[in-house]
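A quick write-up on the structure given underneath.
Proteins get letters first, then strands, A, B, ... in listed order; numbering begins at 1 in each.
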Amino acid sequence: MVDYLAELKTSIADGLNSVFEYKIDASEIHLAETKKEFQGAYTLVVFPFTRTLRKKPVEIAEQLGSWLQDNRPQVVQGYNVVKGFLNIEVPHHFWHSVLAQIYEAEHHGIPTMDSTKVMVEFASPNTNKPLHLGHIRNILLGWSMSKILEAVGHPVCKTQIVNDRGIAICKSMLAWKLYGDNETPETSSIKGDHLVGKYYRKFNEALQEEYLKWQSSEEGIRIYKDRDNQALPGDQFFKQYKNQYFNQYSRLGHEAREMLLHWEEGDTDVRALWERMNGWVYDGFNTTYENLGVTFDKLYYESETYLLGKDIVQQGLDSGDFYRADDGSVWVDLEDRGLDKKILLRSDGTSVYMTQDLGTAKMRYRELGAKRMIYVVGDEQDYHFQVLFEIVKKLKEPYADGLYHLSYGMVDLPTGRMKSREGTVVDADDLIAEVIQEVRHAAIERGELEDISQSERENIYRQIGLAALKFFLLKVNAKKRMVFDPKESVDLQGQTGPYIQNAFVRIKSIRRKLQEEDIDLDTSSYQQLDPSEIDLIKSLMTYGETVAKAATTHEPSLIASFAYELSKKFHKFYHDVSILKAESDSARAFRLQLSDHVATVLEHAMFLLGIEMPVRM
RNA sequence: GGCCUCGUAGCUCAACUGGAUAGAGCAGCUGACUUCUAAUCAGCAGGUUUCAGGUUCGAGUCCUGACGGGGUCACCA
């Protein structure tokens, strides 16, 4: 659909050739949209040609413009030159044909780029506590990325890896055993993941209490006296020492580690408790996922993958890519690639995180046949993935070039980082409930939707609330750290999800008014388009390439920006011209077609973000 | 400290990868609903793009350095 632009580029290339005998491929010509303070639709920057043509920019632009107007009148209606910028005016009949092309285009004009299978991993929760705001950003980014990749032709496998084992869940289990009094989600009516999180907190409280007592015990006093840095005050010393205390002196620490050992040995009781409590957590997570509107195609559990990767280590040793240290540990040296040495097997032969990830990648490649794998993980793990990918390259795995870390920035609060110790972590379930509640309030105040059933109304509140939340998180460049202001996230006006939904609802409302009325579909006699109409068409034309770009750059925020811009232009159009009471039948038909298409594209763009569109609001 | 990363309006974010007078939203002020949904539109105000150099026709964008924030440098995950 961009046929028009292709035609324009070819014309420009022809012009450069005939006027200046300058040969250039049309694909190398870069056109920008003309800024709104100037006349014209598209702009060619002629500065780059000045050097080879040895002419002043204005001369080049003038001669080229004049040639285009004379020799390609069907493409270029007029032009003007400002400094080195050639602004090109497009004949109105082109907008008609462009709209028609857009209307008929398959897949909304999104090009099919690649049909390689790709795996996207976008959730990796620990089972010792509920999901929070950070997980939400992670999940939404991954979900959107999956939809975008599907839109350009990839079969996508959406995966989750559950960190279901380790010391953390043992802490929750131990605390539950000690203080739980057999409490279950049923007896307490607490959501399963929250209940397990409650005991995780309980463990840390108990540990802290125990630690404080220890600090004034004989042993504690002795350790403090013997500290290396004598200048360090007590509270700071003990803060630093906590980890060591946990591992060496703590009774609770000892018991938790015992439990982990029992778990690894397959102790029936421990395993039973583990399965039971993890089961509660999964029920809880599933509710949250359902509320967020996300699903997964394949689940992986760390308890099943944590031993993987040892064969890869062997393979690396055999090929000489890895080496064994004197104490038996296995390492990889990546210093020639600007990285460090990294351990892959401990001296006792057990695997580390990296080993596990190597094994999991290989397993996924075999199982899913995915040569491309995208890991949606926070930027604190940038280095880890850099190393992981380098190792895979070193081993020349067939999927080595298809690995990508979609790294996103942390979510901060206006008060700073979320800190579980300070209780500032924004809980996922609470947050979802709050945005919906906010919408309910606003809707009741506006007195809208009173004529429909309670359940329909609630569904719309849910759609709007989630749109506000999701759009708020997705409009920001994924790589950037962002500030989450709870007040702003429930905003329903301005640059928000509901603003976009509102544009859609307005169109649907017009459609409802039409009923069975006949619409004259002949739009050709509508000649003089309104600027707001041209603006809309120009936006619609770019949808396909926007999606393509979002796919290649792994950047859902591009879709969010697009949807916002398109809605903004629609609201302006809606305000400036009358649709149902248009000045002529053909104007009316034209505007209806245009509006319909805006609705279709908006709905699709929002679908790529994982946001539903209500028909009323 | 080494490496990575970010720094744009009071606040939250854009800026088509080097193009015109740096744009939106929120917050503030002013106007527009008997009209197709005002969850909207129009306007005012708000900037030395952290600072200092450099590259060139042209820099928020590229290079060097400084300052400031964040991350990461475990036989943790």
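Computed from coordinates, the Ile343(A) CD1 to C73(B) C1' distance equals 15 Å when rounded to whole Å. Straight-line distance from the NE2 atom of His575(A) to the C1' atom of A42(B): 7 Å, rounded to whole Å. We find that NE2 of His384(A) is positioned 11 Å from P of C73(B), with the value rounded to whole Å. Computed from coordinates, the Leu473(A) CG to U12(B) P distance equals 15 Å when rounded to whole Å. As rounded to whole Å, 6 Å separates atom P of U40(B) from atom NE2 of His571(A). Rounded to whole Å, the distance from CZ on Arg137(A) to C1' on U12(B) is 13 Å. Note: CG (Asp491(A)) to P (C13(B)) measures 14 Å, nearest angstrom. Straight-line distance from the CE atom of Met482(A) to the C1' atom of U12(B): 8 Å, rounded to whole Å.
Side chain to side chain, Ser172(A) and Asn128(A) fail the donor-acceptor criterion of an N or O pair below 3.5 Å. In summary, the side chains of Lys572(A) and Ser532(A) do not present any donor paired with an acceptor at a separation below 3.5 Å, with no hydrogens or angles considered. Looking at Asn87(A) and Asn80(A), their side chains do bring a donor and an acceptor atom within 3.5 Å of each other. The closest side-chain donor-acceptor pair between Thr496(A) and Asp491(A), if any, does not fall under 3.5 angstrom. Asn247(A) and His254(A) are not linked by any side-chain donor-acceptor pair at a separation below 3.5 angstrom, with hydrogens and angles left out of the test. For the residue pair Glu533(A) / Tyr526(A), a side-chain donor-acceptor distance below 3.5 Å is found, with atom types taken as modelled. Ser557(A) and Glu555(A) share a side-chain donor-acceptor pair at under 3.5 Å.
Using P as the reference atom, C44(B) and A39(B) are 24 Å apart when rounded to the nearest Å. Taking the P atoms as reference points, A45(B) lies 36 Å from C57(B), given to the whole Å. With C1' as the reference atom, G25(B) and U40(B) are 14 Å apart, rounded to whole Å. Taking atom C1' in both C29(B) and G10(B), one finds a spacing of 15 Å when rounded to whole Å. Distance noted for atom P between G19(B) and A66(B): 28 Å (whole Å). For the P atoms, the distance from U48(B) to A22(B) is 12 Å, rounded to whole Å. Only the P atoms considered, C13(B) is 10 Å distant from U8(B), to the nearest whole Å. Comparing A77(B) with U72(B), their C1' atoms sit 15 Å apart, to the nearest whole Å.
Comparing Tyr461(A) and Gln356(A) by the nucleotide of RNA chain B whose heavy atom lies nearest to each, the residue mapping closer to the 5' end is Tyr461(A). In terms of position on RNA chain B, the residue among Met617(A) and Ser347(A) whose nearest nucleotide sits closer to the 5' end is Met617(A).
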| field | Stepwise ring-ring contact (aromatic ring centres under 6.0 Å, His included) test for Tyr306(A) and Trp263(A) | value | CA-CA 13 Å; Tyr306(A) 81 111; Trp263(A) 181 89; 5.7 Å; yes
| task | Evaluate the ring-ring contact (aromatic ring centres under 6.0 Å, His included) criterion for residues Phe573(A) and Phe570(A): first the C-alpha distance (whole Å), next the side-chain angles of each, then the deciding distance (0.1 Å), finally the verdict. | result | CA-CA 5 Å; Phe573(A) 158 76; Phe570(A) 178 79; 5.7 Å; yes
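In this entry C3(B) has G71(B) as its Watson-Crick or G-U wobble partner, both defining distances falling under 3.5 Å. Partner assigned to A20(B) is none, using Watson-Crick or G-U wobble distances below 3.5 angstrom. In this structure G65(B) sits in a base pair with C51(B), meeting the Watson-Crick or G-U test at under 3.5 Å. Applying the Watson-Crick and G-U wobble criteria (two distances, each under 3.5 Å), G60(B) pairs with nothing in any strand. In this entry A39(B) has no Watson-Crick or G-U wobble partner, no candidate having both defining distances under 3.5 Å. Nucleotide U8(B) has no partner under the Watson-Crick or G-U criteria, as no pair reaches both atom distances under 3.5 Å. Nucleotide A14(B): unpaired (no Watson-Crick or G-U wobble partner with both distances less than 3.5 Å).
Here Thr50(A) lies out of heavy-atom contact (under 4.0 Å) with every strand. Residue Tyr574(A) is classed as a base contact, given a heavy-atom separation below 4.0 Å to a base. If you check every strand for non-hydrogen atoms under 4.0 Å, Val330(A) touches nothing. The residue Lys36(A) sits close only to the backbone: its heavy atoms come under 4.0 Å of sugar-phosphate atoms, none of a base. Gln501(A) comes within contact range of no nucleotide atom at all, as no heavy-atom separation falls under 4.0 Å.
For the pair Lys83(A) and Phe47(A), the NZ or CZ position fails the cation-pi test of under 6.0 Å to the six-membered ring centre and within 45 degrees of the ring normal.
The six-membered or imidazole ring of Tyr375(A) lies away from that of Tyr404(A), with a centre-to-centre distance of 6.0 Å or more. Taking the six-membered ring for Trp and the full ring otherwise, Phe472(A) and Phe484(A) have centroids separated by under 6.0 Å. The aromatic ring centres of His405(A) and Phe389(A) sit 6.0 Å or more apart.
For Glu488(A), the listed nucleotide lying nearest its side chain is C11(B); candidates were C36(B), A39(B), C11(B). For Leu492(A), the listed nucleotide lying nearest its side chain is A39(B); candidates were A39(B), U37(B), A24(B). Of the candidates U37(B), A77(B), A24(B), the closest approach to any side-chain atom of Glu448(A) belongs to U37(B). Side-chain atoms of Val505(A) lie closest to U37(B) of the nucleotides C41(B), A39(B), U37(B). For Val483(A), whose side chain is taken as the heavy atoms from C-beta onward, the closest listed nucleotide among A39(B), U12(B), C36(B) is U12(B). For Asn502(A), the listed nucleotide lying nearest its side chain is A39(B); candidates were A77(B), A24(B), A39(B). You'll find that the side chain of Ile464(A) is closest to A39(B), out of A77(B), U12(B), A39(B).
Taking syn as a glycosidic angle within 90° of 0, U5(B) does not qualify and is anti.
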Just the atom pairs and distances: protein N or O near nucleotides 70-72 of chain B's N or O, under 3.5 Å.
| unit_1 | atom_1 | unit_2 | atom_2 | d |
| --- | --- | --- | --- | --- |
| G70(B) | O2' | Arg481(A) | NH1 | 2.7 |
| G71(B) | OP1 | Arg417(A) | NH1 | 2.5 |

Check: protein-nucleotides 14-20 of chain B nitrogen or oxygen pairs below 3.5 Å:
| unit_1 | atom_1 | unit_2 | atom_2 | d |
| --- | --- | --- | --- | --- |
| A14(B) | OP1 | Asn477(A) | N | 2.8 |
| A14(B) | OP2 | Lys480(A) | NZ | 3.1 |
| A20(B) | N6 | Thr43(A) | OG1 | 2.7 |
| A20(B) | N6 | Asn87(A) | OD1 | 2.9 |
| A20(B) | N1 | Asn87(A) | OD1 | 3.2 |
| A20(B) | N1 | Asn87(A) | ND2 | 3.4 |

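Side-chain N/O atoms of Arg506(A) include one lying less than 4.0 angstrom from OP1 or OP2 on A38(B). At the phosphate of C13(B), neither OP1 nor OP2 sits under 4.0 Å from any side-chain N or O atom of Lys479(A).
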